[in-house]
There are 2 protein chains.
Amino acid sequence: MKSDIEIARSIALKNIQEIAESINLPSDPLIPYGKHIAKVPLDQQLKEQIEKSNLILVTSITPTKAGIGKTTVSIGLALGLNKIGKKAVVALREPSLGPCFGMKGGAAGGGYAQVLPMENINLHFTGDFHAITSAHNTISALLDNYIYRTSGSENALKEVLWKRVLDVNDRSLRYIVTGLHGSANGIPQESGFDITPASEIMAILCLSENMDDLRRRIEKILLGYKKDGSLFTVKDLGVAGAITVLLKDALQPNLVQTTENTAAFIHGGPFANIAHGCNSVIATKMAMSYGDYVITEAGFGADLGAEKFFDIKCRKAGLNPKLTIIVATAQGLKMHGGVPVEDIKKENAEGIVKGLENLQKHIQNLRSFGQNIVIAFNRYSSDTDLEMTLIEKFCKDENIDFAINNAFSEGGEGAVELANLVVNSIEQNPSKKLELVYENEDAIDTKIEKVARKIYGANSVIFGNSALKKLKQIEKNAEMSQFPVCIAKTQYSFSADATAYGVAQNFDIHINDLVINNGAEFIVAIAGDIMRMPGLPKVPQANHIDLVNGFVEGLS
Amino acid sequence: MKSDIEIARSIALKNIQEIAESINLPSDPLIPYGKHIAKVPLDQQLKEQIEKSNLILVTSITPTKAGIGKTTVSIGLALGLNKIGKKAVVALREPSLGPCFGMKGGAAGGGYAQVLPMENINLHFTGDFHAITSAHNTISALLDNYIYRTSGSENALKEVLWKRVLDVNDRSLRYIVTGLHGSANGIPQESGFDITPASEIMAILCLSENMDDLRRRIEKILLGYKKDGSLFTVKDLGVAGAITVLLKDALQPNLVQTTENTAAFIHGGPFANIAHGCNSVIATKMAMSYGDYVITEAGFGADLGAEKFFDIKCRKAGLNPKLTIIVATAQGLKMHGGVPVEDIKKENAEGIVKGLENLQKHIQNLRSFGQNIVIAFNRYSSDTDLEMTLIEKFCKDENIDFAINNAFSEGGEGAVELANLVVNSIEQNPSKKLELVYENEDAIDTKIEKVARKIYGANSVIFGNSALKKLKQIEKNAEMSQFPVCIAKTQYSFSADATAYGVAQNFDIHINDLVINNGAEFIVAIAGDIMRMPGLPKVPQANHIDLVNGFVEGLS
């Protein structure tokens with residue numbers, strides 16, 4: 001089979017205006033970025049259509065190094081639905097440059113279920129992440145200038161919380177000291193860089209309902225504490241307007257097309273392990289304005305992405321998915337069943353059965369949200385009939401519908417079975433009103449404990465000193481106490497131990513620190529040794545990327 | 001009079017396709033970024049037209065805090081030339097976000113001589129600077145990963161030269177230590193950030209003739225030295241392809257329009273005080289492919305911008321301007337004549353006469369390059385007739401043509417006199433073949449000394465220890481020894497002392513360090529205490545920028 005990029009290149013793309021018109025989105029107000037990408041002005045949202053649209057969440061079993069293919073299922077399902085005559089649109093997250101050049105690769109789907117032009121989407125795209133990086137670091141510079149100018153005065157800050165971001169995998173930037181070499185060069189301070197998707201600005205962009213809401217949230221960003229212990233925010237710095245200006249274009253969702261020339265929205269940040277990890281509320285609602293079925297995804301396994309999708313994004317934006325799809329693969333299940341990675345292409349019934357416990361735990365979790373569930377199975381050529389039978393039996397026992405997705409190799413045709421199942425399921429048994437894991441009124445530590453116990457299966461939560469100190473600061477603030485929590489944790493396990501595959505048992509969750517995202521209106525809890533700035537592997541993907549005869553090679 | 005942004009907003013913009021067609025540039029291959037900005041594919045360059053086009057350089061007297069208005073003259077002249085029936089196109093530099101939010105403001109001209117849409121041009125534009133920031137810092141991350149992976153091995157580097165960049169004014173990032181908090185987070189190292197326009201990648205983008213040349217130069221970038229003393233480059237890191245991919249769109253020049261709907265190219269970096277400070281060779285040649293008269297500018301005063309334009313850009317790209325325009329203002333001249341800034345709006349004949357010495361020195365310098373010269377005078381309402389008479393008399397004595405530019409308040413109509421003068425001057429007395437300050441064969445220290453003595457008027461050049469060490473490394477390398485030099489020096493004086501206005505006398509130039517830009521193919525010499533990362537003033541421009549009713553306020 002051809003590589004992703006070969007397939008991408010073989011597709012005849014339609015002008016983006018034509019794509020817009022295919023979903024009755026007026027093409028004239030579009031802001032083109034080349035011939036095949038456009039930003040859509042915010043006023044194109046149609047409130048009454050949003051109510052009628054069927055929102056579908058795609059999530060997955062706990063991911064393994066083998067990969068699961070969630071984006072491929074999301075796009076494939078949209079293609080399948082369009083094939084059977086439904087009007088379906090996907091709303092996905094934008095890829096980050098860090099993993100593109102590091103280990104994970106791009107995030108534009110795969111095979112015959114991709115969003116295009118994949119090179120642009122995986123690289124600078126419409127500059128949204130660059131705008132977020134600029135906005136974040138402009139605040140950092142303005143804040144450091146304030147610190148420099150007020151040093152030793154009564155206006156000096158007592159504590160500084162704000163760091164910096166870059167969209168790159170650079171472990172050397174995690175912990176740095178700035179302002180060295182004398183007083184002309186600032187005040188020496190500890191600082192550090194997170195990757196851009198972990199920026200609070202990314203979360204603000206993804207959760208804002210409109211431009212006014214964006215500005216309101218930017219004003220609220222907590223940068224540090226004044227000497228009297230009160231909050232020092234971007235509003236106090238006097239630059240909320242300038243930062244809003246830097247983000248005004250980035251707030252508009254991006255329209256592209258699939259490998260079958262259907263409409264797709266791609267907007268906002270990835271990484272549900274270190275951020276809330278959903279695409280933007282604005283893009284989801286724009287997709288719902290023009291699609292009867294809207295497929296969106298939440299990052300990594302359901303314990304991370306789906307939980308945050310429900311407890312943060314749906315809670316804030318008033319969304320209620322009609323269905324949740326869990327993506328699984330035989331190879332992934334075998335890894336959860338204890339099969340070493342070098343053996344996962346060999347038949348292993350015992351491994352499958354044991355691995356299904358991971359899927360079962362995710363099913364239980366998602367049912368606790370009141371969600372109707374369908375399993376989408378990405379079948380590979382090495383998967384045997386025996387293995388398929390075992391998985392089918394499991395689904396029957398769990399009373400859950402199940403379909404194989406072949407969109408990777410067949411496009412929409414390969415997802416027709418899944419599409420029919422999804423339509424039936426939504427018509428006959430739509431999800432109930434969302435039952436969230438915790439109430440707004442629960443204390444922040446209670447919220448974290450509820451997620452850790454109910455979703456992760458932890459025995460208890462242990463807060464480190466820094467986290468305890470922040471808990472006290474938050475408790476004093478009535479508004480912050482109402483915020484949802486965004487737990488940053490490894491994606492490879494229900495626990496914070498990346499090596500505990502399957503269903504981790506008898507573990508505690510250690511919360512080492514809390515980060516107050518006062519503008520995003522959630523509290524980030526850092527579980528275990530999760531890093532908000534990734535590193536690079538021994539041989540980064542960058543070593544395989546090249547421009548050959550004008551074409552990009554090595555992106556996937 | 002209306003503010004720049006009010007004027008900008010009052011202009012009815014034409015579609016960029018129409019602008020392209022107005023200069024016979026085919027509109028179909030354009031890559032639109034919104035309705036009023038487009039990138040132009042490299043293959044649209046017309047070699048035979050370039051030969052015929054008249055290139056005009058706009059430079060200025062030594063700038064003062066009062067501002068001179070070089071960009072306004074460049075755009076105004078193009079408007080004036082178009083007014084008198086000539087086909088004129090400007091080729092300008094892109095603004096940097098740092099000064100936009102800091103002190104200097106934007107760089108899109110002013111009044112009725114602007115390039116539009118100025119908000120986009122001054123903010124993210126087509127993402128070129130962001131691509132350069134990404135490319136630079138991706139190299140940094142890959143290099144640090146190499147250092148991390150080879151630490152203690154025979155492949156470990158002996159010396160690391162490469163730093164990082166951000167397009168922001170942040171003094172705290174000048175000197176930092178990275179890789180702190182244990183071995184999982186890299187190797188502790190000294191590092192630092194320059195502003196993006198000072199990136200070697202910016203210089204490479206501006207000097208590359210085409211995509212292959214870009215790639216060739218990226219491969220050559222010197223990152224450090226191996227244990228055996230040999231060079232360690234981006235090619236050795238194995239990522240030249242990936243970095244080229246990140247820059248492939250940024251290499252295409254950007255087409256916009258002026259306040260009178262004529263074509264303008266804006267591409268590549270500013271800052272002739274800390275970089276070579278010209279727009280890209282590709283944009284200049286694209287403008288020359290479609291304009292009979294092409295006006296380009298070089299940053300700050302002629303000692304910095306024009307010298308580098310001739311000795312670096314023209315030397316490499318084979319360009320030969322027909323004319324150089326020196327922009328002057330009465331207020332600027334008075335400051336050079338010793339008048340304090342608070343008194344420059346009052347008539348002061350003595351101040352003017354004394355200040356004209358600065359203009360005279362620039363005239364002598366530019367004549368030494370073989371350039372035919374015209375003086376463009378930006379007149380303000382506070383300038384008196386007596387002052388004008390003195391300036392006119394000076395120009396007559398110098399046997400130099402002189403015109404007043406009123407394009408700021410009148411648009412092209414206000415630059416008709418200047419335009420006629422320029423056309424006559426080029427027809428009757430075009431510049432001779434460029435006489436460069438130094439030969440390729442001169443040693444690097446000789447090249448620096450020649451610029452310092454001939455152009456700056458220095459007594460001698462004193463090299464610091466670090467510069468001497470680098471000189472020795474360069475001397476060992478036959479190719480590097482042939483490179484031109486790019487002297488980073490304050491823009492406010494012929495000397496390296498920013499307070500020495502007028503014509504500085506009896507001074508030495510201290511070169512504290514050399515930076516080998518092996519890919520850009522020049523040697524940066526750091527003179528005095530010039531900083532390649534600016535700081536922010538007490539009240540940054542960011543505090544005045546806002547989004548009001550959907551419109552950007554506070555940009556200029």
Side-chain angles (χ1 to χ4, degrees), chain A residues 31-35 97 101 123-124 127 130-131 133-134 137-138 140-142 144-145 148-149 166-181 184-187 189 191 211 215 238-239 241-242 244-246 248-249 535-536 538 540-543 545-547 550 552-554, chain B residues 31-35 97 101 123-124 127 130-131 133-134 137-138 140-142 144-145 148-149 166-181 184-187 189 191 211 215 238-239 241-242 244-246 248-249 535-536 538 540-543 545-547 550 552-554:
Chain A
I31 301 148
Y33 281 66
K35 292 187 170 59
L97 277 175
F101 287 77
L123 296 171
H124 307 293
H130 292 321
T133 304
S134 279
N137 295 326
T138 297
S140 308
L142 291 160
D144 270 354
N145 191 51
Y148 178 73
R149 302 281 171 185
L166 270 182
D167 197 19
V168 62
N169 288 11
D170 192 343
R171 69 169 66 72
S172 292
L173 288 178
R174 286 175 191 153
Y175 301 99
I176 68 173
V177 172
T178 61
L180 298 174
H181 275 233
N185 303 307
I187 312 283
Q189 286 182 80
S191 185
M211 196 67 75
R215 188 190 164 121
V239 298
T244 305
V245 163
L246 277 173
K248 71 180 175 54
D249 298 332
L536 286 168
K538 201 164 177 193
Q541 187 62 24
N543 292 64
I545 296 174
D546 208 342
L547 194 69
V552 178
E553 300 282 355
Chain B
I31 301 147
Y33 282 66
K35 292 185 170 61
L97 277 176
F101 288 79
L123 296 171
H124 308 292
H130 293 322
T133 304
S134 279
N137 295 325
T138 297
S140 308
L142 291 159
D144 270 356
N145 191 52
Y148 178 72
R149 303 280 171 186
L166 270 181
D167 197 18
V168 63
N169 287 10
D170 192 342
R171 70 171 64 72
S172 293
L173 289 178
R174 285 174 191 153
Y175 301 98
I176 68 173
V177 172
T178 61
L180 299 174
H181 275 232
N185 303 308
I187 312 283
Q189 284 183 83
S191 185
M211 195 69 74
R215 191 197 161 113
V239 298
T244 305
V245 163
L246 277 173
K248 71 180 175 57
D249 298 332
L536 285 168
K538 201 165 176 190
Q541 188 61 25
N543 291 64
I545 296 174
D546 207 344
L547 193 69
V552 178
E553 300 282 356

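Just so you know, these numbers use all the heavy atoms, side chains as well, and skip hydrogens, waters and symmetry mates. Just so it is clear: chains get the letters A, B, ... in the order the sequence lines come, proteins before strands, and each one is counted from 1.
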Undergrad: Between A:H124 and B:L246, is there a donor-acceptor pair closer than 3.5 Å when you use the side chain of the first and the backbone of the second?
TA: yes
Undergrad: Counting N and O atoms only, with roles assigned by atom type, does the side chain of A:R171 sit under 3.5 Å from a partner on the main chain of B:A141, one being a donor and the other an acceptor?
TA: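 Checked: no pair found.
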Undergrad: Between chain B and each of A:G535, A:G127, A:G238, count heavy-atom pairs under 4.5 Å; write down the option with the most.
TA: A:G238
Undergrad: What's the separation between atom CD1 in B:I176 and atom OG1 in A:T178, rounded to the nearest 0.5 Å?
TA: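 B:I176 atom CD1 to A:T178 atom OG1 measures 7.5 Å (nearest 0.5 Å).
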Undergrad: I'd like to check A:R174 versus B:L180 (side-chain heavy atoms, cut-off strictly below 4.5 Å). Are they in contact?
TA: no
Undergrad: Chain B: which of A:G554, A:S191, A:G550, A:A184 shares the most heavy-atom pairs with it under 4.5 Å?
TA: A:A184
Undergrad: Partners of A:R215 by salt bridge (charged side-chain N to carboxylate O under 4.0 Å, His left out), sequence neighbours excluded?
TA: A:E219, B:D546
Undergrad: Check whether any side-chain heavy atom of B:K35 sits under 4.5 Å from a side-chain heavy atom of A:I31, and report yes or no.
TA: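 A side-chain contact under 4.5 Å is absent here.
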Undergrad: By the definition side-chain contact (heavy atoms from CB on, under 4.5 Å), identify the one residue from A:D170, A:L536, A:N169 that meets it with B:N145.
TA: A:L536
Undergrad: For the candidates A:G186, A:A131, A:A242, which exhibits the highest count of non-hydrogen atom pairs separated by less than 4.5 Å from chain B?
TA: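 Highest number of heavy-atom pairs under 4.5 Å: A:A242.
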Undergrad: Would you say that B:V168 contacts A:S134 through its side chain, given a criterion of any heavy-atom pair below 4.5 Å between the two side chains?
TA: no
Undergrad: Checking side-chain contact (heavy atoms from CB on, under 4.5 Å) between A:N137 and each of B:L97, B:L166, B:L173, which is the one that passes?
TA: B:L166
Undergrad: Looking at A:Q189, A:K538, A:K248, which has the largest count of heavy-atom pairs under 4.5 Å with chain B?
TA: A:K538
Undergrad: So, using salt bridge (charged side-chain N to carboxylate O under 4.0 Å, His left out) as the criterion, who are the partners of B:D144 when residues are at least two apart?
TA: B:R164
Undergrad: Are any non-hydrogen side-chain atoms of B:S172 and A:N185 less than 4.5 angstrom apart?
TA: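 In short, these two side chains do not touch, never coming nearer than 4.5 Å.
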Undergrad: Is any side-chain heavy atom of A:D249 less than 4.5 Å from a side-chain heavy atom of B:L123?
TA: no
Undergrad: Name the region of A:P32, side chain, backbone, both or neither, that has any atom closer than 4.5 Å to a heavy atom of chain B.
TA: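 A:P32 touches chain B through backbone and side-chain heavy atoms alike.
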